[in-house]
Amino acid sequence: MRNTMTDRFSRAALVALLAVLGFTVPAPASAATAATSCYGGAVTVHYGEVRDFGPYVTTSRCTDINMRMTGGDADFGWACVQFARASGCNYWTKIGRSWTTIATDVLNGTKFTVPNGVDLEGSSATFQIAF
């Protein structure tokens, strides 16, 4: 059986030695850090400028494709993901002011577009898409 007090002392001594030598120990990645890096690469798009947003290619920043509305007079929007190798959308999702997942577990390097719409024709909307 190991002595936990000795283990704690040994770890503390090692961390102290590394600090004296100028080394730092990185903190473990948190969910907030992962979300920041995913959303930090988001693109901004405007409803009405094009029929479909994209094409885009997924990256290693996100495992899902996420979308949110950031401006405009629409109450909400609708979006789906159409993968390059598919004949239609995956499913339509209602998009509000919070990040919403519109496709899950998407492989890196996957080409896709985002067909979209708003709650009332004639409304304006600005969206962000993170992938």
To the nearest 0.5 Å, what is the distance between CD1 (I65) and CZ (F83)?
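Result: 4.5 Å between the selected atoms.
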To the nearest 0.5 Å, how far apart are CG in N108 and SG in C62?
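It comes to 9.5 Å.
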Is a side-chain N or O of T93 found less than 3.5 angstrom from the main chain of I102, in a donor-acceptor match?
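Not confirmed, T93 side chain does not pair with I102 backbone.
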Quick one: does any side-chain atom of D64 pair with a main-chain N or O of D105 as donor and acceptor, under 3.5 Å?
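Checking the backbone N and O of D105 against the side chain of D64, a donor-acceptor pair under 3.5 Å is found.
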Student check: side-chain heavy atoms of T126 and H46 closer than 4.5 Å
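They are in side-chain contact.
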Any side-chain heavy-atom pair of R68 and Y39 under 4.5 Å
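Result no, sub-4.5 Å side-chain heavy-atom pair not found.
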Under the rule for ring-ring contact (aromatic ring centres under 6.0 Å, His included), what residues qualify as partners of F112, not counting sequence neighbours?
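Here the qualifying residues are Y56, F131.
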The criterion is ring-ring contact (aromatic ring centres under 6.0 Å, His included); which residues satisfy it with W92, sequence neighbours excluded?
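If we apply the ring-ring contact (aromatic ring centres under 6.0 Å, His included) test to W92, skipping adjacent residues, there are no hits.
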Using every non-hydrogen atom in the two residues, find where [X] and [Y] come nearest and quote the distance to one decimal.
| X | Y | value |
| --- | --- | --- |
| Q128 | T70 | OE1-CG2, 3.7 Å |
| A130 | C38 | CB-O, 3.7 Å |
| I129 | V45 | CD1-CG2, 4.1 Å |
| Q82 | S87 | NE2-O, 3.7 Å |
| I95 | A79 | CG1-CB, 4.0 Å |
| K111 | P55 | CE-CB, 3.6 Å |

Test of understanding: clusters of I, L, V, M, F, W, Y form through side-chain heavy atoms closer than 4.5 Å, transitively. Do W99 and W78 belong to the same one?
no
Got a sec, which hydrophobics cluster with V57, joining ILVMFWY side chains under 4.5 Å apart, including via others?
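ILVMFWY cluster around V57 holds nothing else.
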Pair N66-T101, side-chain donor/acceptor within less than 3.5 Å
yes
Distance-only side-chain donor-acceptor flag, D73 / S124, under 3.5 Å
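Note: D73 and S124 side chains meet the donor-acceptor criterion.
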For D75, which of D119, V118, L120 qualifies under side-chain contact (heavy atoms from CB on, under 4.5 Å)?
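Among D119, V118, L120, the one meeting side-chain contact (heavy atoms from CB on, under 4.5 Å) with D75 is D119.
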